[in-house]
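Each remark here refers to the structure printed beneath this line.
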Amino acid sequence: MIIELNNPLFKQALPILKQIESHGYEAYFVGGSVRDYLLELEIHDIDIATSATPEEVKEIFPVTIDVGIEHGTVIVRYKGESYEITTFRVEGKYSDFRRPDTVDFVRNLEEDTLRRDFTINALAIDKEGQVYDYHGGIADLNKALIRAVGNPKERFNEDALRMLRAIRFASQLGFEIDSKTMEAIKELAPLIEKIAMERILIEFTKFLKGKFFTTQSHTLVSSQLYQYLPFPKTLNIDDLVIRLNNDFKPFEDNNIEKSDVLVWGNLLFHLGQIYEQDDRQLMRQWKQSNETTQQSIVFKELRKMSIDDILEPMNLYRYDTKILKLIEKFYLIHGFLTTPLITEKINQLPIQSRQEMQMNGQQLMTLLEMDRGGPILGQLLGEIEEEIVNSRLANNYHDIKKYVQLKTL
Ligand code: ATP
Ligand code: MG
């Protein structure tokens, strides 16, 4: 099959294939970009596979970055873009269910495709648009099927993360998982515990954010994978999935992307409704970043409040604007709110931050004839701040001074 490479990203990367070939090696577009292009989806980053070794690739291009030479990958910078170029390889023995112990470079594409996870990810295109499909990937794209390359049990024993990747692609593409592939996952699901949490988190977050989550979320249950992920021990997975489906359905219906904080914030909210749990500890188990943890907890806190409570001046003042807008978006999409209010209400607040108060700590100390700060000063400043935010006290030095004098009589 020959296809027309009329996607601008492919066009821009085409000279890289040509340049590698002009040095006597083979080079192909591979992986996600090929899959997504054939599905007529937007493509993001372009991966290239080549018969040239990393050293040989580095000799061809003036600007390269070493990222994983031992795995055969170099990044080539070309016209302001980065491309991952990986040497054809077969993976050596896997003794620990995760990464191969050794990587052997090979000189042909077909052998390289044997180490890829799913047939739809094992497609390649050359510079003429010729498609190479050694494992029935095109047929599976047409059938909307996720099927392991070769023997699924062997593939999941080699790298257990692939099981989680299967459900994440199901959620992203709305595909079904081939029955033999699913049987293998059910059997080998416990192996997921061998995988580094950082890799799990990436795939699981993509699963939650998938455009087809609500129709494919059942794969988390039927695959048994949930049992080996950091959830509360007494988790009722069916209930959790129903709750998340309700949350995410309108996003899918309206083709709106879900952010990391939206999916994790809602997950924390539902877990918190049912289980006693320490959110920070849970997020640490998932190896979440501090930023996503913090923001997801704020989202959860806001979701526990009524809309009227959220709109209280002190809450608008205190909570991160970004998360306030996110909960607003959530309620708008769900139809619980009909017009956006948050930005306007925040702009109407008498002050946006403590810096805008017309009385600072130093001035207050002078006023009270104190020679150093302390808890009382902090508390008083906090009270003044709250009075101003609630429009009960005007934000000018004179009025604040009067307020302080009355308070400290
Ligand atoms: P995305 O659109 O999310 O980037 P992708 O298919 O490009 O999807 P990547 O994780 O970027 O996924 O991997 C690129 C390619 O490398 C895959 O398409 C697949 O061929 C191969 N691959 C990645 N991870 C694995 C793995 N754990 N086992 C086997 N092959 C893998
Ligand atoms: Mg990719």
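Whatever order the structure lists them in is the order used to number ligands and atoms, beginning at 1.
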Please indicate whether E70 has more than 12 foreign heavy atoms, meaning atoms of other residues, nucleotides or ligands, lying under 6.0 Å from its CD.
yes
What are the atom names and distances for all N or O pairs under 3.5 Å between ligand 1 and the protein?
unit_1	atom_1	unit_2	atom_2	d
ligand 1	2 (O)	R35	NH2	3.2
ligand 1	3 (O)	R168	NH1	2.8
ligand 1	3 (O)	R168	NH2	3.3
ligand 1	3 (O)	K206	NZ	3.3
ligand 1	6 (O)	R35	NH1	2.7
ligand 1	7 (O)	G32	N	3.3
ligand 1	8 (O)	R35	NH2	3.4
ligand 1	10 (O)	R165	NH1	3.0
ligand 1	12 (O)	R165	NH2	3.4
ligand 1	16 (O)	R116	NH1	3.4
ligand 1	20 (O)	R116	NH1	3.0
ligand 1	20 (O)	N121	O	2.9
ligand 1	24 (N)	R165	NH2	3.4
ligand 1	27 (N)	D159	OD2	2.9
ligand 1	28 (N)	R162	NE	2.7
ligand 1	28 (N)	R162	NH2	3.3
ligand 1	30 (N)	D117	N	3.2

Could D247 and R243 be called an ion pair, given the rule that one side-chain N must be under 4.0 Å from one carboxylate O?
no
Hey, what's the ring geometry for F251 with F248, parallel, tilted or perpendicular (30° and 60° as the breaks)?
perpendicular
Positive for side chain to side chain donor-acceptor pair (under 3.5 Å) with Y317, one of E385, Q352, E386
E385
Any donor and acceptor pair, going by atom type alone, linking the side chain of E111 with main-chain N or O of V106 inside 3.5 Å?
no
What class does the angle between the rings of F231 and F204 fall in, given that below 30° is parallel, 30 to 60° is tilted and above 60° is perpendicular?
perpendicular
